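Just below is one structure, and these are the notes that go with it.
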Number of protein chains: 2
Amino acid sequence: MEATLDNLKSILAASNYKLTAQRKIILQILIDNRGEHLSAEEVYNIVKTEDPGIGLATVYRTLELFCELGIIQQLTFDENCRRYELETGEEHHHHLVCSKCGKVIEFNDEVLEEFESELEKKYSFKVTEHKIKFYGYCEDCQ
Amino acid sequence: MEATLDNLKSILAASNYKLTAQRKIILQILIDNRGEHLSAEEVYNIVKTEDPGIGLATVYRTLELFCELGIIQQLTFDENCRRYELETGEEHHHHLVCSKCGKVIEFNDEVLEEFESELEKKYSFKVTEHKIKFYGYCEDCQ
DNA sequence: TAAATATTGATAGCCATTATCAATATACTA
DNA sequence: TAGTATATTGATAATGGCTATCAATATTTA
């Protein structure tokens with residue numbers, strides 16, 4: 001289920017967290033920038049235009065909390081910079097990252113799901129998460 | 001082609017780098033610990049037993065250089081800790097990482113290669129690198 | 001409305017990695 | 001083989017994204 005400003009309070013309450021103005025603003029920004037893969041710093045810069053008093057630590061904490069609650073998902077295209085995207089509740093998808101212009105193309109594929117099942121059998125390994133990224137050059141940069 | 005103490009000099013020379021005692025020791029350690037996925041800090045601790053005077057920066061620089069030359073490959077199972085493994089010249093492989101005990105199981109599969117080719121066609125994207133990791137629980141930790 | 005609890009902002013701290021730079025080592029050249 | 005240009009080293013300061021701390025404040029519950 002995708003998070004909205006309306007159900008945020010109940011999502012938080014279900015885990016004994018409280019609804020605050022800061023959390024609402026940050027969720028709103030993530031929704032407004034759906035598909036943007038924002039970093040904490042970028043969220044901070046946007047949020048400051050609406051609430052200049054907000055602290056950087058609050059942004060980091062809120063993003064971490066939203067991850068824990070499954071509202072967003074953490075991505076790391078480049079190390080030393082974590083990015084976040086809204087969890088849509090739809091199929092999981094993966095990314096093609098252009099090494100030149102930085103463009104990110106999303107794809108999803110059930111082939112990977114099948115592959116995962118095979119691995120689980122072969123290695124008696126229970127997969128709970130996967131990180132799959134392809135790096136290279138997009139159409140414009142080749 | 002896999003790097004050895006014998007061909008290290010020519011690999012370096014081909015890119016205008018020089019052979020040094022430090023580079024030899026570090027390569028030797030990587031060879032001795034094949035399959036260990038060492039971090040820079042770990043390499044540093046081992047190297048100090050053979051050459052106490054070596055600097056940490058040299059270890060970092062050498063590992064970076066070896067990556068650039070294709071002698072080793074960088075891995076990131078856990079963010080904020082980069083690990084390295086020898087490039088064997090054989091098939092590429094990927095990793096299953098146990099979230100509980102940290103065990104790393106290696107696998108390789110041509111299914112992924114095929115999948116990559118399909119992606120390239122579909123998105124007009126030239127893949128140069130992929131990072132594929134599955135996280136979960138190994139046989140002992142389930 | 002009060003009390004219990006969670007959250008916030010400011011800021012100091014962390015820690016793996018990088019940059020700086022003078023001293024030194026390597027490798028080419030004559 | 002000595003001289004020279006160039007690359008490398010070790011020590012250490014700096015970087016930078018992120019986290020911990022804590023008193024002040026806000027939210028929720030009773």
Side-chain angles (χ1 to χ4, degrees), chain A residues 5 7-29 37-69 71-72 74-84, chain B residues 5 7-27 29 37-69 71-84:
Chain A
L5 289 184
N7 65 14
L8 180 58
K9 181 163 185 170
S10 51
I11 293 174
L12 290 166
S15 300
N16 277 329
Y17 295 120
K18 294 174 178 175
L19 181 65
T20 67
Q22 292 88 338
R23 287 172 181 171
K24 280 199 283 190
I25 293 176
I26 291 173
L27 178 58
Q28 183 61 59
I29 286 168
H37 306 131
L38 298 176
S39 66
E41 202 70 31
E42 287 167 351
V43 170
Y44 179 59
N45 287 328
I46 298 172
V47 90
K48 269 197 304 187
T49 66
E50 299 188 30
D51 175 1
I54 203 165
L56 178 60
T58 298
V59 173
Y60 275 98
R61 278 184 300 229
T62 302
L63 292 173
E64 186 191 7
L65 176 65
F66 284 2
C67 271
E68 178 196 327
L69 295 174
I71 294 173
I72 60 178
Q74 192 186 99
L75 309 170
T76 37
F77 301 133
D78 172 28
E79 293 176 43
N80 28 323
C81 184
R82 299 182 195 163
R83 298 187 165 275
Y84 299 88
Chain B
L5 288 184
N7 66 14
L8 180 58
K9 180 163 183 170
S10 53
I11 293 173
L12 290 166
S15 300
N16 277 328
Y17 295 118
K18 295 174 178 174
L19 181 64
T20 66
Q22 293 87 339
R23 287 172 182 171
K24 280 199 284 191
I25 293 177
I26 290 173
L27 178 59
I29 285 168
H37 307 130
L38 298 176
S39 66
E41 201 72 31
E42 287 167 352
V43 171
Y44 178 59
N45 287 328
I46 298 172
V47 90
K48 269 196 304 187
T49 67
E50 299 188 30
D51 175 1
I54 204 166
L56 179 58
T58 298
V59 174
Y60 274 98
R61 276 183 302 228
T62 303
L63 291 172
E64 186 191 6
L65 176 66
F66 283 1
C67 270
E68 178 196 326
L69 296 173
I71 295 174
I72 59 177
Q73 199 183 352
Q74 190 186 100
L75 309 169
T76 36
F77 301 132
D78 173 27
E79 293 176 44
N80 27 320
C81 184
R82 300 181 194 164
R83 298 187 165 276
Y84 300 88

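Everything quoted here is computed from the prediction, not taken from an experiment.
- In terms of the side chain to side chain donor-acceptor pair (under 3.5 Å) criterion, A/Arg23 has no residue partners (sequence neighbours excluded).
- Residues forming a side chain to side chain donor-acceptor pair (under 3.5 Å) with A/Glu50 (at least two apart in sequence, or on another chain): none.
- Qualifying salt bridge (Lys or Arg N to Asp or Glu O under 4.0 Å) partners for A/Arg82, counting only residues two or more places apart in sequence or in other chains: B/Glu79.
- Looking at residues two or more places apart in sequence or on another chain, you find a side chain to side chain donor-acceptor pair (under 3.5 Å) between A/Gln28 and A/Asp32.
- Residues that satisfy the side chain to side chain contact (heavy atoms under 4.5 Å, CB included) test with A/Ile54, not counting sequence neighbours, are A/Gln22, A/Ile26, A/Tyr44, A/Val47, A/Lys48, A/Asp51, A/Thr58.
- Sequence neighbours left out, the pairs with a member in residues 9-19 of chain A that pass side chain to side chain donor-acceptor pair (under 3.5 Å) are A/Tyr17-A/Glu68.
- Distance, A/Glu68 CD to C/dT7 C1': 14 Å, rounded to whole Å.
- Protein atom CG of B/Asp78 is 18 Å distant from nucleotide atom P of D/dG17, rounded to whole Å.
- Of the residues in residues 43-53 of chain B, those placing a heavy atom less than 4.0 Å from an atom of DNA chain D are B/Gly53, in numerical order.
- Using a 4.0 Å cut-off, no side-chain N or O of B/Gln22 falls inside it from OP1 or OP2 of C/dA25.
- Separating the CG atom of B/Asn16 from the P atom of C/dT26 is a distance of 17 Å, rounded to the nearest angstrom.
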Note, DNA chain C 5' to 3' with Watson-Crick or G-U pairs under 3.5 Å encoded as ( ), [ ], | and . gives ||||||||||||||||||||||||||||||

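- Take A/Arg83 and apply the salt bridge (Lys or Arg N to Asp or Glu O under 4.0 Å) test, not counting sequence neighbours, and it matches A/Glu42.
- B/Leu8 has its side chain within reach of B/Phe66: a pair of non-hydrogen atoms, C-beta onward, lies under 4.5 Å apart.
- At whole-Å resolution of the value, CD in A/Glu79 and C1' in D/dG16 are 14 Å apart.
- Checking the phosphate oxygens (OP1, OP2) of D/dA7, no side-chain nitrogen or oxygen of B/Arg23 falls inside 4.0 Å.
- Residues meeting the side chain to side chain contact (heavy atoms under 4.5 Å, CB included) test with A/Tyr60, sequence neighbours left out: A/Ala40, A/Glu41, A/Leu56.
- In this structure B/Asn7 satisfies the side chain to side chain donor-acceptor pair (under 3.5 Å) test together with B/Thr4, sequence neighbours excluded.
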In B/S/- notation (B base, S sugar-phosphate only, - none; protein heavy atoms under 4.0 Å), nucleotides 18-30 of chain D written 5' to 3' is SBBB-----BS--

